[in-house]
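Chain naming here is simple, since letters A, B, ... match the order of the sequence lines and numbering starts at 1 in each.
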Amino acid sequence: DTAVSQTPKYLVTQMGNDKSIKCEQNLGHDTMYWYKQDSKKFLKIMFSYNNKELIINETVPNRFSPKSPDKAHLNLHINSLELGDSAVYFCASSATLDRNYGYTFGSGTRLTVV
Amino acid sequence: GEDVEQSLFLSVREGDSSVINCTYTDSSSTYLYWYKQEPGAGLQLLTYIFSNMDMKQDQRLTVLLNKKDKHLSLRIADTQTGDSAIYFCAETVYQGGKLIFGQGTELSVKP
């Protein structure tokens with residue numbers, strides 16, 4: 001299936017731990033994103049990579065570090081997790097030269113920090 | 001500045017039309033999108049419109065864009081209970097740029 005897939009779907013962890021979320025797309029897109037959706041459903045961009053190069057880095061604590069080993073993968077590593085990091089994290093991708101398909105989102109990773 | 005606003009809730013009866021409204025502030029927005037999010041799921045692209053268009057129709061969906069007033073609307077004809085979800089309006093200045101989302105409108109369809 002062509003899609004944006006992220007793992008894990010659910011992540012429950014204790015404060016202070018370090019965790020990673022992985023994202024892969026097989027759509028041939030050249031740009032990938034991480035979005036955070038808070039408890040009020042508000043969606044805000046965190047990072048964007050184009051062809052493995054960081055192009056958007058919003059005001060995000062430096063405990064969050066994205067890594068893009070190739071243009072089909074964008075992982076998110078979070079150090080020293082805090083309660084306020086609990087949210088749903090969405091990966092997305094798009095093709096900068098393709099004006100017809102918009103942005104494709106993964107199904108999300110629900111992170112709960114306890 | 002970048003800001004997208006939507007009303008938070010809309011309730012309609014099955015079979016009625018639903019109209020979800022959105023306003024945005026960035027006059028350089030070029031692409032505007034409507035996404036649907038069902039409970040526990042990701043965001044599904046419903047439709048999009050370019051800023052040089054006034055209207056786009058796709059089956060039961062009609063998108064209207066008033067660029068002068070920076071107002072976007074999504075009309076769902078013959079709303080069904082399966083349309084119950086949160087609908088997000090989003091804008092971007094260029095394809096590949098960041099999407100700025102509204103707060104989402106929760107549509108509740110009553111039988």
Side-chain angles (χ1 to χ4, degrees), chain A residues 1-7 9-10 21 23 25 27-51 53-60 66 71 88-110, chain B residues 1-10 20 22 24 26 29-53 56 58 61 63 72 74 84-108:
Chain A
D1 287 342
T2 54
V4 177
S5 56
Q6 14 180 152
T7 55
K9 192 169 172 65
Y10 300 97
I21 308 172
C23 180
Q25 55 93 7
L27 297 161
H29 289 170
D30 57 357
T31 306
M32 295 185 73
Y33 314 80
W34 278 110
Y35 281 82
K36 179 180 179 180
Q37 186 173 44
D38 64 21
S39 57
K40 294 191 171 132
K41 304 294 184 188
F42 184 66
L43 279 151
K44 188 168 165 55
I45 191 166
M46 300 172 71
F47 302 103
S48 169
Y49 271 73
N50 176 265
N51 283 319
E53 185 182 338
L54 179 68
I55 56 171
I56 295 174
N57 183 350
E58 293 289 294
T59 309
V60 177
K71 71 176 190 176
V88 182
Y89 292 84
F90 286 102
C91 178
S93 69
S94 71
T96 51
L97 297 180
D98 187 341
R99 299 184 171 206
N100 295 319
Y101 298 111
Y103 298 66
T104 305
F105 281 80
S107 54
T109 296
R110 182 174 293 276
Chain B
E2 305 163 337
D3 198 15
V4 179
E5 302 258 340
Q6 299 176 239
S7 52
L8 294 181
F9 300 100
L10 177 64
I20 302 170
C22 170
Y24 59 97
D26 192 340
S29 292
T30 306
Y31 302 86
L32 296 130
Y33 301 89
W34 284 103
Y35 280 87
K36 177 183 180 182
Q37 185 178 31
E38 296 182 8
L43 285 90
Q44 173 197 350
L45 176 65
L46 284 179
T47 188
Y48 62 92
I49 190 167
F50 299 136
S51 58
N52 61 358
M53 297 167 68
K56 182 177 180 181
D58 185 359
L61 305 178
V63 178
L72 183 73
L74 174 70
S84 293
I86 300 177
Y87 290 80
F88 290 93
C89 162
E91 61 160 356
T92 187
V93 173
Y94 62 93
Q95 180 73 343
K98 62 182 179 182
L99 279 176
I100 307 297
F101 284 91
Q103 312 94 307
T105 299
E106 184 172 346
L107 175 64
S108 173

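Side-chain atoms of A:F105 and B:L45, non-hydrogen and from C-beta on, never get closer than 4.5 Å to each other. Taking 4.5 Å as the limit, some side-chain heavy atom of B:L43 sits within range of a side-chain heavy atom of A:L43. Contact check for A:K41 versus B:F88: side-chain heavy atoms found under the 4.5 Å cut-off.
Interface residue B:I86: only side-chain heavy atoms are found under 4.5 Å from chain A. Proximity to chain A is limited to the side chain of B:Q37, based on heavy atoms less than 4.5 angstrom apart. Looking at A:K9, only its side chain comes within 4.5 Å of chain B, counting heavy atoms on both sides. Only the side chain of A:I45 comes within less than 4.5 Å of a heavy atom in chain B; its backbone stays farther off. Interface remark: A:Q37 contributes side-chain atoms only to the contact with chain B (heavy atom separation under 4.5 Å).
Distance CE/A:M46 to NZ/B:K98: 13.5 Å, rounded to 0.5 Å.
Across A:F42, A:Y35, A:Y33, a single residue satisfies ring pair (Phe, Tyr, Trp, His ring centres under 6.0 Å) together with B:F101, and that is A:Y35.
Aromatic pair A:Y103/B:Y35: ring centres not closer than 6.0 Å.
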